[in-house]
Student: 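I'd like to ask some things about the structure below.
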Amino acid sequence: MTMIRLARMTLPALLLAATGLSATEARAETRTDFKVAWSIYVGWMPWGHAAETGIVDRWADRYGLTIEVTQFNDYVESINQYTAGAYDAVTLTNMDALSIPAAGGVDTTAVIVGDFSAGNDAVILKDAESLEEIRGRSVNLVEYSVSHYLLARALESVDLSERDVSVVNTADPDMVGAFQTPGVTAMVTWNPMVAEIAALPDANIVFQSGQIPGEIIDLMAASTAALEENPDFGKALAGIWYETAALMVSDTPEGAAARAAMGAASGTDQAGFEAQLAATRLFDDPADAVAFVTSPDLAGTMDRVRGFLFDKGLLGPVAASADIVGIELPGGVILGDPGNVMLRFTDRFMRMAAEGAL
Amino acid sequence: MRAINIRPGRGTALVLGLLPFAALAVAYLAGSALRLAENPSDKLLPALTTLAASIDLLAFTPDRRTGDYLLWADTAASLTRLAWGLGIAASLALVLGLLAGVLPVMRALLAPFVAFVSMVPPLALLPILFIVMGLGETSKIALIVIGITPILIRDLMLTATALPREMIVKAETLSASSWLIALRVVLPQVMPRLIDSLRLQIGPAFLFLIAAEAISSDAGLGYRIFLVRRYLAMEVIFPYVAWITLLAVLLDLALSSLRRRMFPWAEVGR
């Protein structure tokens, strides 16, 4: 009997502990410990570099914080961990921010708009020169990723729809190998795979993200609750980003060394990394980022993105329309349900950086 | 009384057997309620109503885009692959296992190689399979076959060699040929064992199937789980996991009843 009672009492606790998701976290008066997750991508390499070279610690000390930066080998896992509450901030795209944490009820703020893809994502056809020839082919891509969005936009541009192709979900590490098998004739993926596949003799890039500039945005997003508890966390993130980004683009030996290090860390070299950087519109100047995020175009982009997500059923099975998740834009404009704002774009911290107020 | 002599009655045994299931359900409900109280949109441990709505959507509502019933389409795709994989593996194992079990020359030829191959981790071969056989059905079925055939062969070989020597000698004295002995003495006695081995390999077969579907596919149970994993859609993943488990249990029961029906004499002494 005691055994049974013991089992009844401890099992739920064990289950919760095993998943590492204790529902209630003890919170200090003002939090000073924060955890940041990032994954390998050209526009996010500065975070790893900043952690390695002590830039993170320097900015954390300045605000009296402790910031732990963790690299994930699996992008989706890093977002899932953030959504589950194990991390306070994560690197992700505008689309994934809306469909994973925001649709999962985790109020998320885009602290930094780091870059947008201007060629890093591409539609590649085998033995075909024009996008129209994609009709009727099976397209290998990571379903529901920005690649899928890019495909939808590409098809739209030539008056086709997803009904005209069939989509095959394929894991991103296998893209390069898959393209070389005879059955694969169309693919949508991102760098560094795009560069490797494009180098194959029969591969042609027929559509790329530079043709929809500013729609695939790479962010450093933090939980709104964490930022409210201690806004210095947002300031530190901005400080880290702009110091590292400036170093990354600088035409100095230090800049070259930083690019070489980031290239090596992402499995290529300095030249390969600089080629990827060329296909990225990096916001190393905070004023540009502020201008981008406050421009009315962002509302149009997010409206398209949420329409795509709703169409694919990714805003939840019960979503009646794309309005279910509210998106707040700088200046107080809200797309969707104002009572359920879960994704916020703000120029607050980037503006501070632009004004030298960090 | 010693603890080893306390035997539960029928009713007690039933209650005890259900207890772990009940504990799991209670733990889930408590965890789900706690997390949902904090964040009503939490995706990790969805409420029962969410699960029910999701199951309804997956199993009983046609998909908006394709018009398919997702759960059934996925199940059909996965079970087809599984059937091919298990079927090919069982046939190969029967032929090779019997050959090696009956003929010492064949045993000398095959046993070391099969023992060696059975130690290759099949999942490590997956990238090679995909390059060699493409991303289609062939590579997925091949992974299942590669994963379970060596073990089936070894098991059949052991069963065949463990048959009482006297039985073979007796057949010889009755002037049976090697072929006849294989067919009439050994085969009937290894068949029940093949079915049992196959039952034990259902778990690994599902593992290989799901691993292959996770990497590249456009339908299948593993495909769906790894697809929605991107969206932390536990309301899809939990029902799929439960469904896969149920399918495996049913398959196990079906094979078990097949064995009993086809080889009732093998039940003696079980």
Side-chain angles (χ1 to χ4, degrees), chain A residues 4 7-8 10-16 19 21-25 75-77 79-80 83-85 96 99-107 138 140 142-145 162-163 166-171 173-175 177-178 180-184 309 311-318 325 340 342, chain B residues 15-16 19-20 22-24 26-31 33-45 50 53-54 56-58 61 63-66 126-128 130-136 138-139 213-220 223-224 226-236:
Chain A
I4 293 164
R8 277 218 181 111
T10 50
L11 255 166
L14 277 176
L15 191 82
L16 284 177
T19 46
L21 307 163
S22 150
T24 46
E25 264 172 51
Y75 168 63
V76 172
E77 192 54 34
I79 306 174
N80 285 351
T83 308
D96 296 321
S99 62
I100 310 177
V106 176
D107 192 335
S138 320
N140 291 72
V142 178
E143 263 185 80
Y144 302 162
S145 69
E162 226 184 288
R163 290 176 194 281
S166 53
V167 165
V168 180
N169 188 45
T170 305
D174 296 292
M175 288 294 181
Q180 297 171 58
T181 61
V184 173
L309 292 176
D311 190 46
K312 296 275 175 285
L314 299 180
L315 296 179
V318 291
V325 180
N340 187 34
M342 285 292 160
Chain B
V15 170
L16 284 175
L19 209 59
L24 189 67
V26 168
Y28 180 87
L29 289 176
L34 269 175
R35 289 190 63 88
L36 288 171
E38 202 170 73
N39 170 9
S41 321
D42 183 69
K43 286 181 159 181
L44 237 43
L45 300 176
T50 319
S54 166
D56 180 55
L57 211 62
L58 291 166
T61 317
D63 183 51
R64 261 197 315 196
R65 261 195 308 151
T66 56
L126 196 49
I128 306 172
F130 275 134
I131 299 297
V132 176
M133 303 189 161
L135 296 175
T138 326
S139 52
E213 287 180 342
I215 290 190
S216 178
S217 190
D218 55 3
Y223 156 80
R224 190 73 50 200
F226 277 80
L227 183 63
V228 302
R229 157 186 175 270
R230 210 183 155 81
Y231 288 91
L232 216 66
M234 294 300 168
E235 77 275 7
V236 176

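Just so we're on the same page: letters track the sequence lines, and every chain starts at 1.
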Student: Applying side-chain contact (heavy atoms from CB on, under 4.5 Å) to A:T83 and B:K43, what does each step give before you reach the verdict?
Tutor: CA-CA 9 Å; A:T83 308; B:K43 286 181 159 181; 5.6 Å; no

Student: With rounding to the nearest 0.5 angstrom, report the CG to CG distance, B:D218 to A:N169.
Tutor: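 One gets 9.0 Å once the value is rounded to the nearest 0.5 Å.
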
Student: Pick one of side chain, backbone, both or neither for A:S145, based on which atoms fall under 4.5 Å of a heavy atom in chain B.
Tutor: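 Its backbone and side chain both get close to chain B.
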
Student: Of the backbone (N, CA, C, O) and the side chain (C-beta and beyond), which part of A:V142 lies under 4.5 Å from a heavy atom of chain B, both, or neither?
Tutor: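 It is the side chain, since no backbone atom gets that close.
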
Student: For A:D107, check salt bridge (charged side-chain N to carboxylate O under 4.0 Å, His left out) against everything at least two apart and list the hits.
Tutor: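 Once residues adjacent in sequence are excluded, the partners of A:D107 under the salt bridge (charged side-chain N to carboxylate O under 4.0 Å, His left out) criterion are A:R344.
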
Student: Only pairs of heavy atoms separated by less than 4.5 Å count here; which of A:S166, A:P101, A:G104 has the most with chain B?
Tutor: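 Of the options given, most contacts go to A:G104.
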
Student: With a 4.5 angstrom heavy-atom cut-off, could you sort out which part of B:N39 is near chain A: side chain, backbone, both or neither?
Tutor: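 Only the side chain of B:N39 comes within 4.5 Å of chain A.
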
Student: Check the pair A:E143, B:R230 against side-chain contact (heavy atoms from CB on, under 4.5 Å), reporting the backbone distance first and the verdict last.
Tutor: CA-CA 9 Å; A:E143 263 185 80; B:R230 210 183 155 81; over 6 Å; no

Student: Which atoms of A:D96 come close to chain B, meaning under 4.5 Å heavy atom to heavy atom: side chain ones, backbone ones, both, or neither?
Tutor: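 Just its side chain gets close to chain B.
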
Student: Please name the residue in the list A:T181, A:D174, A:V184, A:N140 that meets the side-chain contact (heavy atoms from CB on, under 4.5 Å) test with B:S216.
Tutor: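 Among A:T181, A:D174, A:V184, A:N140, the one that satisfies the side-chain contact (heavy atoms from CB on, under 4.5 Å) with B:S216 is A:N140.
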
Student: Where is the tightest heavy-atom contact between A:A178 and B:L135, given as atom of each residue plus distance?
Tutor: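 Nearest pair, atom of A:A178 first, then B:L135: CB-CD1, 3.4 Å.
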
Student: Quick one: list whatever passes side chain to side chain donor-acceptor pair (under 3.5 Å) with A:Q180, sequence neighbours left out.
Tutor: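 So A:Q180 forms no side chain to side chain donor-acceptor pair (under 3.5 Å) with any residue.
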
